[in-house]
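A quick write-up on the structure given underneath.
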Amino acid sequence: MGATAGWTGAWAAGPRIALLAGGAFLLAAVGALAALRARSRTRVECTRALQQADDARALRDAVMDITPVGFAFFDRDLRYVHVNAALAAMNGLPVNAHLGRHVSEVLPALGTLLAPRLARALETDTPLQDVSLQVETPAAPGETRFWFGSYSRVRGAGGEVLGVIASLSEVTERMRAEQSLQEHEGRLDVLTRSLPDYLWGGKLRGGVLRDFYCTPVIERTTGYPPGAFTRAGAEGTPAPLWAEMIHPEDRARYQECIEGLAPGAEAEVEHRIICADGRVRWVRSRAAASGVDAQGAVHLGCVVTDVTDRRLADDLRQRLHDSFRRSATEWRRTFDAVSSPLAVLSADGIIQRLNGAARALFHEADPTGQPLSSTDGAPPWSSAGPLVEELRRTHGSAHRQVHDASSGRTWELGAAWADEAGSEDPRIILVGTEITRLLELQAHVRRSETMAAMGAIVAGVAHEVRNPLFSISAVVDAVEATFGTHPELQPYLDVLRGEVRRLTHLTQELFEYGRPTRGEWTEGAVAPVVAEALSSCELAGDKAAVKLTREWADGLPPVRMDSRRLFHVFRNVVENAVQHSPAGATVRVTTEAVEEAGRTWVRCTVHDGGPGFRGEDLPHVFEPFFSKRRGGTGLGLSIVQRILEEHQGRIRLSNHPDGGAEVTILLPALSPAALPGPSPQTQVS
């Protein structure tokens with residue numbers, strides 16, 4: 001336009017006006033055409049914009065209807081403009097019941113809480129959030145629900161405030177879960193703090209303990225604060241103190257048992273730890289491992305219990321037990337070492353304990369737990385019943401001497417009532433002392449003294465008698481030589497000569513009986529001595545028509561003997577057997593080795609065919625000058641007994657079951673296998 005005006009400035013007014021009018025028309029036509037085009041384009045764009053707005057609104061409604069989060073749009077007067085289906089369901093009312101109504105009209109309880117929050121949101125462009133909504137809704141009457149709210153102010157295109165949009169999410173289950181978790185954590189914390197044990201855990205990955213944690217009560221046991229262990233090393237491994245706290249002697253065993261635990265396994269180990277103050281305490285670690293998780297790790301949990309007091313108590317109890325066991329062993333050894341038989345009875349007479357010597361009297365039977373009255377046939381206990389009864393009445397002590405006729409043994413029994421102060425279980429102590437040997441020694445001493453006195457007297461008498469006997473014998477020989485031709489004198493001479501021989505034999509036996517012991521001792525076999533004695537008796541056997549037989553066992557052990565005096569023993573016994581046997585009888589002599597009373601003996605038995613010993617004679621057969629045989633001196637068996645006592649041997653007289661008398665002679669053997677022990681007792685039966 002400016003250019004046209006400049007160009008037309010030189011023209012006349014008329015043409016110029018016409019030209020201007022034409023230009024204006026032209027311009028108007030062009031502008032009208034442009035306006036028509038612009039209007040047409042605007043209508044299309046408006047239609048398109050309206051379509052897009054409808055699509056956006058439909059998309060918004062669809063999104064808001066399918067989302068689980070509740071959405072609502074309020075105008076500036078806090079009236080519902082839009083509510084999605086999720087929020088309507090949360091409130092328990094249909095969507096139409098919300099629209100156009102104030103928030104406090106729809107749900108008074110919820111509206112009372114929401115109205116202040118919505119009003120604050122209208123005043124600021126900063127979105128507001130809170131989790132403090134707790135309210136009941138028609139959807140769940142009588143039940144408090146928890147909500148998470150987010151509120152934001154909405155502005156229009158011109159910047160004017162259109163209203164506020166609210167987003168509500170129900171978090172009831174999450175809040176309850178959090179509350180339950182907090183309660184459980186609180187209970188667990190109280191429980192772990194109240195327990196003396198401490199717990200630790202972690203994950204085993206590649207054989208290394210990671211993600212380590214422990215309970216605070218670890219300080220009670222170790223003295224180290226929990227922070228000393230929670231300052232984890234690389235990749236969550238425990239602090240170095242965790243391994244250093246294990247006693248060096250127990251580390252390898254601990255790591256193998258606990259930290260090397262297989263998936264799904266359990267283990268328990270007792271080990272030592274070094275506390276912060278340097279003390280060493282014993283703990284018991286009980287661990288359990290889970291299976292392998294998706295990351296290839298094994299969850300490991302362990303409970304550690306302080307067992308120091310128990311270990312100390314166990315050690316003390318073990319020391320006491322060892323001490324008691326040693327004391328019991330020493331007491332038992334001492335008890336069994338006593339050579340005298342000992343028996344411990346209860347107050348009612350039940351056998352509770354026997355020492356070795358007492359058990360030996362029962363021939364390997366064990367009467368423990370049985371009443372004393374059941375020990376019949378086991379001297380001396382079978383004779384202790386009256387003594388125990390007396391003790392139960394007097395509660396004191398008593399002694400009694402008992403004799404067992406079957407074995408010929410004599411015992412001195414002592415009993416005492418043991419009742420300590422404060423004890424409710426009194427005991428009776430029985431002590432048996434065998435005095436058989438003592439009584440025998442006493443009798444032997446008395447007999448020796450008697451025999452010594454008698455021997456001195458007999459030797460003196462024999463010495464005084466021998467000279468007159470020699471004179472009488474010489475006179476008889478002279479008379480016979482002078483007057484032997486007179487038959488009427490011969491009977492008198494025969495009587496005198498027989499009596500002289502009898503007195504001479506008596507004198508010889510008196511000398512033998514009174515002879516002092518001066519033996520020539522040797523060690524050798526006894527069989528030759530017995531054989532020599534049998535040979536010396538063969539003539540007497542032939543005269544009496546009695547047969548002599550002998551049986552020797554092989555390998556007889558040697559004995560210590562005076563062969564000359566021992567020959568006198570066997571000859572005397574065999575002669576007595578021949579003299580007491582009728583014509584046609586047999587005297588059997590056997591020799592063998594036997595074991596009696598724990599030692600080896602050589603036993604010689606002489607069995608005749610006579611009538612045997614009379615019961616009333618047996619107590620007197622060894623007495624000097626006791627004889628039932630016509631013409632006997634009564635010194636033979638006395639001399640035999642004396643010689644055997646010199647040899648520490650024994651002689652037994654009995655009647656054989658098949659008839660006849662039986663004399664048994666026992667001589668101690670010198671075999672290396674012989675065992676020391678009491679000698680068999682002389683038995684006369």
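Of all the heavy atoms in L430 and A415, the pair that sits closest is CD2-CB, 3.4 Å. In plain terms, the two heavy atoms of L204 and L261 that are nearest each other are CD1-O, 4.2 Å. Nearest heavy-atom pair, S285 versus I258, reported as atom, atom and distance to 0.1 Å: O-CD1, 3.9 Å. Contact detail for F74 and V81: the closest heavy-atom pair is C-CG2, 4.1 Å. Shortest non-hydrogen contact noted between Y80 and A72 is CE2-CB, 3.9 Å. Residue A115 comes nearest to V103 through the heavy atom pair CB-CG1, 4.1 Å, listed as atom of the first residue, atom of the second, then distance.
In summary, D315 and R319 do not engage in a salt bridge, as defined by a charged side-chain N under 4.0 Å from a carboxylate O. The pair D125-R155 meets the salt-bridge criterion, since a charged nitrogen lies less than 4.0 angstrom from a carboxylate oxygen. Remark: R253 engages D250 in a salt bridge, criterion side-chain N to carboxylate O under 4.0 Å. Using a cut-off of 4.0 Å between Lys/Arg side-chain N and Asp/Glu carboxylate O, E123 and R153 are scored as not salt-bridged. With respect to R325 and E330, no salt bridge is recorded, no charged nitrogen being found less than 4.0 Å from a carboxylate O. Electrostatic pairing of R205 and D211 counts as a salt bridge here, judged by a charged N lying under 4.0 Å from a carboxylate O.
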(request) Using the side chain to side chain contact (heavy atoms under 4.5 Å, CB included) rule, take Y198 and T221 through it: C-alpha gap first, then chi angles, then the decisive distance, then the call. (result) CA-CA 8 Å; Y198 67 86; T221 303; 3.9 Å; yes
(request) Evaluate the side chain to side chain contact (heavy atoms under 4.5 Å, CB included) criterion for residues R281 and D309: first the C-alpha distance (whole Å), next the side-chain angles of each, then the deciding distance (0.1 Å), finally the verdict. (result) CA-CA 9 Å; R281 300 192 68 82; D309 294 339; 4.2 Å; yes
(request) List the steps and the verdict of side chain to side chain contact (heavy atoms under 4.5 Å, CB included) for Y224 and E219. (result) CA-CA 5 Å; Y224 292 105; E219 186 173 0; over 6 Å; no
(message) Walk me through whether R310 and D314 qualify under salt bridge (Lys or Arg N to Asp or Glu O under 4.0 Å).
(response) CA-CA 6 Å; R310 195 215 71 200; D314 289 345; 3.1 Å; yes
(message) Applying side chain to side chain contact (heavy atoms under 4.5 Å, CB included) to D77 and H102, what does each step give before you reach the verdict?
(response) CA-CA 7 Å; D77 295 329; H102 192 273; 5.7 Å; no
(request) Run the numbers on R79 and E105 for salt bridge (Lys or Arg N to Asp or Glu O under 4.0 Å), then give the verdict. (result) CA-CA 9 Å; R79 289 190 298 267; E105 295 179 7; over 6 Å; no
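Residues passing the side-chain contact (heavy atoms from CB on, under 4.5 Å) test with P94, sequence neighbours excluded: A97.
For the pair L168 and L87, the minimum side-chain heavy-atom distance is below 4.5 Å. Side-chain contact between I273 and T222: present, with at least one pair of heavy atoms (C-beta onward) separated by less than 4.5 Å. Using a 4.5 Å cut-off on side-chain heavy atoms (C-beta onward), R120 and L128 make contact. Annotation: side chain of V269 is not in contact with side chain of R284 (no heavy-atom distance under 4.5 Å). Counting heavy atoms from C-beta outward, L209 and P238 have side chains that approach closer than 4.5 Å. In this structure the side chain of I428 never reaches within 4.5 angstrom of the side chain of V344, judged on heavy atoms. Contact check for I274 versus P248: side-chain heavy atoms found under the 4.5 Å cut-off. Looking at heavy atoms from C-beta onward, W417 lies in side-chain contact with P426 at the 4.5 angstrom threshold.
Evaluation of the ring-ring contact (aromatic ring centres under 6.0 Å, His included) test over residues 249-274, restricted to residues two or more places apart or in two chains, returns Y254-H271.
Atoms CZ and OG, on F71 and S150 in that order, are 8.5 Å from each other to the nearest 0.5 Å. With rounding to the nearest 0.5 Å, the separation of CG in L118 from CG in D75 is 10.5 Å. The line from CG of L107 to CG of N91 is 4.5 Å long, rounded to the nearest 0.5 Å. Atom-to-atom distance recorded for L78:CG and R76:CZ is 11.5 Å, nearest 0.5 angstrom. How far OG of S152 is from CD of Q129: 10.0 Å, rounded to the nearest 0.5 Å.
At most 12 heavy atoms of other shown residues, nucleotides or ligands fall within 6.0 angstrom of atom CD in E266. Heavy-atom contacts from other residues, nucleotides or ligands closer than 6.0 Å to CD of E268 number more than 12. Surrounding CZ of R311 are more than 12 heavy atoms belonging to other residues, nucleotides or ligands, all under 6.0 Å away.
A ring-centre distance under 6.0 Å is not found for F73 and H82. Annotation: W242 is in aromatic contact with F212 [ring centroid separation under 6.0 Å].
Distance alone, capped at 3.5 Å, is enough to place a donor-acceptor pair between the T308 side chain and the W282 backbone. Side chain of T215 to backbone of L199: a donor-acceptor contact under 3.5 angstrom is found. In this structure, the side chain of R251 engages the main chain of I246 through a donor-acceptor pair within 3.5 Å. With hydrogens and angles ignored, the 3.5 Å screen pairs no side-chain donor or acceptor of S104 with any backbone N or O of P108.
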Could you give the side-chain donor-acceptor pairs of residues 294-305 under 3.5 Å, partners two or more places apart or in another chain?
from	atom 1	to	atom 2	distance (Å)
H299	NE2	D293	OD2	3.3
T305	OG1	D197	OD1	3.3
T305	OG1	D197	OD2	3.1

